[in-house]
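Comments concern the structure below.
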Amino acid sequence: MEEITNFIDGKRIKGTSGRFSDVFNPATGEVQAKVPLATKAEVDDAIARAAAAQPAWGATNPQRRARVMMKFGALINENMDKLAEAVSREHGKTLPDARGDVQRGLEVVEFCMGAPNMLKGEYTDNGGPGIDLYSMRQPLGVVAGITPFNFPAMIPLWKMAGALACGNAMILKPSERVPTTALMLAELLQEAGLPDGVLQVVNGDKESVDALLDNDTIQAVAFVGSTPIAQYIYARATANGKRAQCFGGAKNHMIIMPDADMDKAADALVGASMGAAGERCMAISVAVPVGDETADALVERLVPRIEALKVGPYTAGDDVDYGPLITAAAKERVEGLIGSGVDQGAKLVTDGRGLSLQGYENGYFVGPTLFDNVTPEMDIYKEEIFGPVLSQVRAGSYEEALKLTMDNPYGNGTAIYTADGDTARDFAHRVNVGMVGINFPIPVPLSYHTFGGWKGSGFGDLNQYGPDAFRFYTRTKTVTSRWFSGIKEGGEFAFKQMD
Ligand code: NAD
């Protein structure tokens with residue numbers, strides 16, 4: 001049985017706690033590795049070593065740090081297939097999806113190659129007699145990244161690229177369900193020239209997370225995961241005086257107007273709701289057609305598309321549309337929620353429960369599931385299902401659809417399908433959600449914009465990646481300086497002042 005390690009001071013190091021968590025093959029249900037769960041002492045030791053490595057890295061000029069990012073980006077590209085395979089092996093997503101996972105992380109690394117430009121600071125010449133002001137962005141020191149299971153490459157890359165390009169050291173605590181990819185990325189960074197100790201990967205669970213939150217050396221905590229844990233981490237990190245950004249779960253709505261291109265809307269909905277088995281924080285899980293005619297036309301198009309989906313292990317090739325859920329518990333929970341939808345009166349149009357694939361009978365597969373006539377009181381509407389389940393809530397008007405979206409406690413992503421520019425513009429302006437798609441189902445912004453949800457989907461002031469990453473991972477210091485050569489005796493300023 002493979003024993004996963006930690007990555008400390010540039011080396012793979014075995015955990016010493018004697019506590020382990022199983023890493024499953026979600027397609028077969030077999031345990032394929034065990035991952036150590038670090039103790040507080042192991043976490044504190046990794047932090048102390050990172051603190052020793054950080055000052056030299058922070059003092060390295062930004063262009064050199066950017067060169068490490070450039071080499072890292074090249075190495076990610078060279079190792080794309082290996083990284084994608086590692087993602088699929090532990091997560092279960094298809095290889096094209098896994099490549100996308102790596103690619104969207106790589107794009108953030110590419111943005112961070114512009115660190116010298118992003119870190120330039122500001123300057124005011126002659127703010128008063130002989131007075132100049134300048135501001136500089138300085139690294140925070142040692143920061144922590146805590147990441148979820150559903151993007152084993154992308155989210156660790158979002159966290160580490162910004163933190164390291166700004167000159168910080170980082171302790172990365174990846175999800176214990178998918179630990180391998182983060183270790184591979186750490187090794188590639190080392191090959192790219194990152195000094196030992198600047199990125200430490202520590203595997204663990206609540207004990208190691210709490211150790212990160214309580215250690216005074218950690219200056220900032222960047223978290224992505226479910227909302228209850230995001231709230232907990234935000235509260236504990238900020239109570240301990242740390243900067244924190246904590247991104248949580250989602251319930252993303254897509255409004256379909258009567259004038260939308262129905263075939264395109266149906267294509268988009270199937271991919272956005274069922275892709276990656278619905279285990280995406282930007283998945284569309286609620287379709288809100290406006291008017292019964294629109295709703296009926298949509299269901300008519302969704303059903304054949306859903307029935308044509310192929311569910312299977314990633315090893316079955318590129319024609320598989322999506323793979324298993326992450327754990328047996330996740331499968332049980334999703335199937336339980338489907339049952340609750342039936343019990344609470346929603347119309348089950350396609351039922352994904354009880355799917356058994358030959359040769360993979362113990363895998364965590366759930367078939368694509370569509371509900372119609374869902375109402376906001378039902379558990380399938382209230383809960384983030386995180387499975388291949390799409391709920392259709394019928395709305396009588398655009399205003400009703402907008403209100404439903406705005407009343408939802410989550411605010412990660414949303415979309416509207418329409419041919420009308422006025423409606424689209426109104427929606428984009430009024431909706432209280434962080435990322436909006438117009439005829440675009442999963443509006444994950446490009447790496448030079450920034451990613452972040454509102455309401456229960458995000459806690460903290462700044463978003464992930466893009467310019468906000470450079471704000472989050474640095475402190476601004478402003479210097480006001482005066483030199484006296486320009487001032488004549490008696491205090492009169494030598495240069496003519498503007499009135
Ligand atoms: P999770 O909250 O269970 O775990 C996330 C991280 O927190 C993991 O590293 C885990 O080890 C740690 N953790 C878990 N329980 C903890 C506890 N009690 N105390 C301290 N740490 C704990 O999330 P997950 O199941 O791995 O990921 C899925 C969730 O992440 C979904 O809700 C999804 O919407 C969300 N997500 C959000 C975004 C975003 O940007 N908003 C992106 C991806 C995923």
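Note that ligands are numbered from 1 as they come in the structure, with each ligand's atoms numbered from 1 the same way. Along the sequence shown, residues are numbered consecutively beginning with 1.
- Of the polar atoms of G248, at least one N or O is found under 3.5 Å from an N or O of ligand 1, judged by distance alone.
- Under 4.0 Å from ligand 1, not a single heavy atom of I326 appears.
- Across D9 and G197, no two heavy atoms sit closer than the pair OD1-CA, 3.5 Å.
- Residue R177 touches ligand 1 through its side chain alone, judged by heavy-atom distances below 4.0 Å.
- Ring pair Y381/H253: centre-to-centre distance below 6.0 Å.
- Considering backbone and side-chain atoms together, T227 places no N or O closer than 3.5 Å to any N or O of ligand 1.
- Looking at K173 next to ligand 1, an N or O pair under 3.5 Å apart turns up.
- Note on ring orientation: taking the six-membered ring where Trp is involved, the planes of F451 and W158 are tilted (angle from 30° to 60°).
- For the residue pair Y360/N25, the side-chain donor-acceptor check at 3.5 Å is not satisfied.
- Remark: ligand 1 and S226 share an N or O pair separated by less than 3.5 Å (distance only, no angle test).
- Between the side chains of T16 and E42, at least one donor N or O lies within less than 3.5 Å of an accepting N or O.
- No option in V87, D97, L95 other than L95 meets the side-chain contact (heavy atoms from CB on, under 4.5 Å) test with Y314.
- When heavy-atom distances to ligand 1 are checked against a 4.0 Å cut-off, F151 has no atom that comes that close, whether in backbone or side chain.
- By the side-chain contact (heavy atoms from CB on, under 4.5 Å) test, Q219 pairs with L140, R475, sequence neighbours left out.
- Just one of V374, I338, T375, T369 meets the side-chain contact (heavy atoms from CB on, under 4.5 Å) condition when paired with I380; it is V374.
- For ligand 1, the polar-atom distance check finds no N/O of Y232 at less than 3.5 Å from any of the ligand's N/O atoms.
- Residue contacts with ligand 1 for R280 are absent, since no atom lies close enough (heavy atoms, distance under 4.0 Å).
- Closest to atom 35 (C) of ligand 1 by heavy atom, among C281, S175, P148, G225, is G225.
- By the definition of a contact as any protein heavy atom under 4.0 Å away, atom 24 (P) of ligand 1 is in contact.
- Annotation: V209 places no N or O atom under 3.5 Å from an N or O atom of ligand 1; distance criterion only.
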